[in-house]
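Inspection log for the structure reproduced underneath, given as structure tokens.
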Amino acid sequence: MNIRNICIIAHVDHGKTTLVDHLLKSTFQSHESVDERVMDSDAQEKERGITISAKNASFMIGETKVNIVDTPGHADFGGEVERIMDMVDGAILLVDAAEGPLPQTRFVLEKAIRKKLKIILCINKVDRPEVQDSDLINQCVNKAFDLFVELQASDDQCDFPIVYACARQGWCTQSLDALPQLLANPPQVGGLEPLSRLILDLPKPPVLDNTAFSFMISNLAYSDFLGALAIGRIYSGSLKTGQFIYRHGVNEKGQPIKEKFFVQKLMSYSGIRQVEVPELFAGDIGIIAGSDNFAIGDTIAEESAHVHDRIEVEKPTMRMIFSINTSPKSGTDGKAIQSRELRERLEKEVRNNVALALQEADTSDQYYLQGRGELQFGIIIEKLRREGLEFMVGRPTVLIQNGQEPYERVTLNVPEESAGDVTSFFQQRKGQMVSYESSPQGNRVQIIFEIPTRGYIGTNSKFKTLTRGEGLISSESMGYGEFQGDIFVRQNGALIADRSGKATAYALSSIQERGLLFIDEGEEVYEGMVIGECAKDQDLNVNPCKPKKLTNVRSVSSDGITILAGIRRMSLEKCIEWLDDDEWIEVTPKTIRIRKKILTANMRGLKKS
Ligand SMILES: Nc1nc2c(ncn2[C@@H]2O[C@H](COP(=O)(O)OP(=O)(O)OP(=O)(O)O)[C@@H](O)[C@H]2O)c(=O)[nH]1
Ligand SMILES: [Mg+2]
């Protein structure tokens, strides 16, 4: 069969998954109702509207089978893009016409160029109002071209074909002159034909001149019936169900190991489905079941076949400590796992995600998970929580190397009126402004900062507030640089419960004068639990359970006192941003609480920021 293996890469939100919807359209049966952004199949992907993990699908263009991998665009999931690059020979690089190339465009393009992929440039969202009657599309193409040159693409890669697209309406064209007509009259069918033709022009999968079967694992999935599923590209030969084959992997020490296993089932992609096939052939992307020990980067091959180099990805720059739940309420909401289970669960996560690593901590019931960003950690925590587990996590910290610390290049696009506030906020956190550019209309500015990752962690909510939700922010890792000394992060102390019990409205109404509450009346608290943010820069122990002395006078509200002013409900993301080094986030399926690591008030002392 004729095959093309391609991926789709871009900065976050530039429209990858939407374009894949339309490419896959022909594979859906007429009676099927298909969700928008069908590849974002995970619950958290749907809720957050972003892609988290890279996923495969396939569609037909005439007689040619196209295996396509949709990838995430957020920098925290860069490892997902890196690990699928070995599966494909071509890439569609999407760029939002109005936003132009952004940090993650550069990151993914660099990876594609290094892997010698042939690239199609797709300028997307040409329907955006700001693009009309402007020169933005041409500027976008020029900036993309400059990026290719800067990243040292080969002449052949620099000679990329271009399509101008509206992924949302499912059409594209190679001619700029055709845009007004297409915008006025979007085609109902066949709108992506120009892109399809370019996909067919991409190189065929190179099939090694060797009849021995060889396959590399780029992704893992799980089936309740079959256990682990290895997803990857077949480089040479073929494989049948019922055969014995070898897994060439590595042990914990990184030494090569070889395991023989029985091929239980083989599948390949048809649309978004994995369908059983009797045999897999070189060139295709397939799925193998038969061993529970599969790991990303392993080669599955006949004994004599070539063992491929393992997948290399950028190293983690951050870590977060995970602990068993030692809070007084442990086990009341969910399953309070023990040390061994916590370790096994985190190990599973690391096996499935090459961008993560597990590191021992000083005590046996705590482990460091190393990764790339707060969002990545937040998603893993939420996933474990939804599995019914209880545990605690600490503040994300950066990994120091030879006395140096990691840096980010942060690109901000903000309304002009908030530029001053945003700038001083990032400068306070040791950010150095490296560029400041006003938009042609003059109402927005693009600012680029180079900032220690430590300073960048925890800026998201504040950035949203400063820009009234209208700012765009993205970052790319710049590697390691000089350690910048103390960075002033949280200004406020914590309001801490000094006993266990139920919070009363009476007590909270007077505590709220000292700061901002995180809890409401009636909520259970325990000694050492953080119930709010102190207005001052110092921690404060308070009694949130104090009952109102009975009087004969009763008034409107339940216990005759004021209604509480405002409560700041702390989402998981907000807790991660807010947390200090002497605090834990206690995560259970039902609640998220912040607590002091040392619960007993008189053992703790009161910390001043
Ligand atoms: N105006 C306009 N909006 C589009 C177009 N294509 C996609 N969008 C919108 O852009 C948003 C992001 O689309 P996605 O397809 O999720 O983007 P993505 O690149 O897959 O995002 P990540 O996977 O999270 O990086 C959605 O609201 C889409 O409806 C387009 O051609 N025009
Ligand atoms: Mg997506």
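Whatever order the structure lists them in is the order used to number ligands and atoms, beginning at 1. Excluded from the calculations below are hydrogen atoms, water molecules and symmetry mates; all remaining heavy atoms, backbone and side chain alike, are included. Just so we're clear, the structure is a prediction, and the values are computed from it rather than from any experiment.
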*Please step through salt bridge (Lys or Arg N to Asp or Glu O under 4.0 Å) for the pair Glu573 and Arg48, ending with a clear verdict.*
CA-CA 12 Å; Glu573 275 74 17; Arg48 294 169 190 258; 3.1 Å; yes
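- Looking from atom 26 (C) of ligand 1 to the surrounding protein, the closest heavy atom is Arg37 NH1, 4.2 Å.
- At least one heavy atom of Cys166 sits less than 4.0 Å from an atom of ligand 1.
- Closest to atom 9 (C) of ligand 1, if we only count protein heavy atoms, is Arg168 NH2, 3.7 Å.
- Among all non-hydrogen protein atoms, the one lying nearest atom 23 (O) of ligand 1 is Thr51 OG1, 2.7 Å.
- Shortest contact from atom 21 (O) of ligand 1 to any protein heavy atom: Asp13 N, 3.1 Å.
- Using cut-offs of 30° and 60° for the angle between ring planes, the Phe160 and Phe145 rings count as tilted.
- In summary, the atoms of ligand 1 found under 4.0 Å from a heavy atom of Ile50, numbered by their order in the structure, are 24 (O).
- Taking 2.8 Å as the criterion, Thr17 counts as a coordinating residue of the Mg ion (ligand 2), since one of its N, O or S atoms falls below it.
- Contact check on Asp70 versus Lys55 returns no salt bridge, with no Lys/Arg side-chain nitrogen under 4.0 Å from an Asp/Glu carboxylate oxygen.
- Only the side chain of Asn124 comes within 4.0 Å of ligand 1, counting heavy atoms alone; its backbone N, CA, C and O stay farther away.
- Scanning both residues, Arg385 and Thr591, for their nearest heavy atoms gives NH2-N, 4.0 Å.
- Inspection of the Arg4 and Asn67 side chains reveals no N or O donor paired with an N or O acceptor under 3.5 Å.
- Around atom 11 (C) of ligand 1, the closest heavy atom drawn from Met39, Lys125, Lys16 belongs to Lys125.
- The N/O atoms of Ala165, backbone and side chain alike, include none that comes under 3.5 Å of an N/O atom in ligand 1.
- Side-chain atoms of His74 and Gln104 include no donor-acceptor pair closer than 3.5 Å.
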_Arg386 and Glu382: CA distance, side-chain angles, deciding distance, salt bridge (Lys or Arg N to Asp or Glu O under 4.0 Å) verdict_ = CA-CA 6 Å; Arg386 289 181 188 194; Glu382 185 60 36; 2.9 Å; yes
Pairs of donor and acceptor atoms involving the side chains of residues 166-174, under 3.5 Å and at least two apart or interchain, shall be tabulated with distances.
residue : atom : partner : partner atom : Å
Gln169  : OE1  : Trp171  : NE1          : 2.8
Thr173  : OG1  : Ser175  : N            : 2.9
Thr173  : OG1  : Ser175  : O            : 3.4

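- The ligand atoms of ligand 1 that sit less than 4.0 angstrom from a heavy atom of Val12 are 24 (O), 25 (O).
- Side chain of Asp21 to backbone of Arg37: a donor-acceptor contact under 3.5 angstrom is found.
- Distance from atom 28 (C) of ligand 1 to its nearest protein heavy atom, with residue and atom name: Thr18 OG1, 3.8 Å.
- Both cation-pi conditions hold for Arg233 and Tyr235: the charged atom is under 6.0 angstrom from the six-membered ring centre and inside a 45 degree cone around its axis.
- The Mg ion (ligand 2) does not have Thr71 among its coordinating residues (no N/O/S atom, backbone or side chain, under 2.8 Å).
- Considering all non-hydrogen atoms of both residues, Arg351 and Leu220 come closest at O-CD1, 3.7 Å.
- Atom 31 (O) of ligand 1 has its closest protein heavy atom at Ala167 N, 2.9 Å.
- Between Thr17 and ligand 1, an N or O atom pair is found at a separation short of 3.5 Å.
- With ligand atoms numbered from 1 in the order given, ligand 1 contributes 7 (C), 13 (O), 14 (P), 15 (O), 17 (O), 18 (P), 19 (O) to contacts under 4.0 Å with heavy atoms of Gly15.
- Protein heavy atom at the shortest distance from atom 1 (N) of ligand 1 is Asp127 OD2, 3.0 Å.
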